[in-house]
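As C-alpha cells, the structure follows; a few thoughts come after it.
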Amino acid sequence: MSKVTFETELNDEALGALRSYLAKKNEQLDMRLSEQLEKLYAATVPAAVREYLGEKNGTPVRRSAARPRRAAPAAGHAEGNQPAE
C-alpha cells in the first residue's frame, strides 16, 4: 500500500501556536494529525470496506470497540406520554 501526502491550509500564527502547545505536551503535529485521520477513517468507512482493504493490502485491521447505544426512553416517559398530574 502506498501512502499519499496532501496539503491543507492554516493561518501561520495559529499553526505556530498549535505547534507550541503540542510541544509543551511532548506531542508532534504530524503524529496527532495521523491519529485523527485514522479515527476519521474508522468512523467514516464501513468496517467491511476497511477489512476488505486491509486484506487486499496485507494491513491488519484494528477493530474499534462497539459504540454504546442510547437507551430508549422508559415506557410512559416518552415525550407526549407523561402521566397527568
Side-chain angles (χ1 to χ4, degrees):
M1 166 180 69
S2 63
K3 300 220 176 202
V4 176
T5 301
F6 64 93
E7 290 184 27
T8 189
E9 294 182 14
L10 181 64
N11 174 292
D12 61 338
E13 290 176 343
L15 179 60
L18 178 59
R19 284 185 171 150
S20 175
Y21 282 94
L22 285 172
K24 288 179 182 182
K25 297 165 65 174
N26 292 324
E27 296 183 24
Q28 295 178 350
L29 180 58
D30 59 340
M31 293 301 295
R32 288 292 303 271
L33 287 173
S34 293
E35 291 170 3
Q36 292 302 313
L37 281 173
E38 286 292 326
K39 288 179 182 179
L40 179 61
Y41 174 75
T44 306
V45 178
V49 175
R50 294 192 315 267
E51 288 176 16
Y52 169 76
L53 292 174
E55 290 172 4
K56 179 179 172 185
N57 297 317
T59 306
V61 177
R62 287 186 276 170
R63 296 188 184 270
S64 59
R67 293 183 189 172
R69 295 185 180 208
R70 288 187 184 178
H77 294 286
E79 193 173 312
N81 292 337
Q82 297 295 328
E85 292 182 22

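What's counted below: heavy atoms across the whole structure, side chains too, no hydrogens, waters or symmetry copies. In this text, all values refer to a predicted model and were calculated from it rather than measured experimentally.
In terms of hydrophobic clustering, with Ile, Leu, Val, Met, Phe, Trp and Tyr side chains grouped at heavy-atom distances under 4.5 Å, L10 and L22 are assigned to a common cluster. The cluster map of Ile, Leu, Val, Met, Phe, Trp and Tyr, joined by side-chain heavy atoms under 4.5 Å apart, puts L53 and L37 in different clusters.
Closest approach of L15 to L29, counting heavy atoms only: CD1-CD2, 3.5 Å.
The side-chain hydrogen bond (donor to acceptor under 3.5 Å, both in side chains) contacts involving residues 10-36 comprise E27-R32, where partners must be two or more places apart or lie in separate chains.
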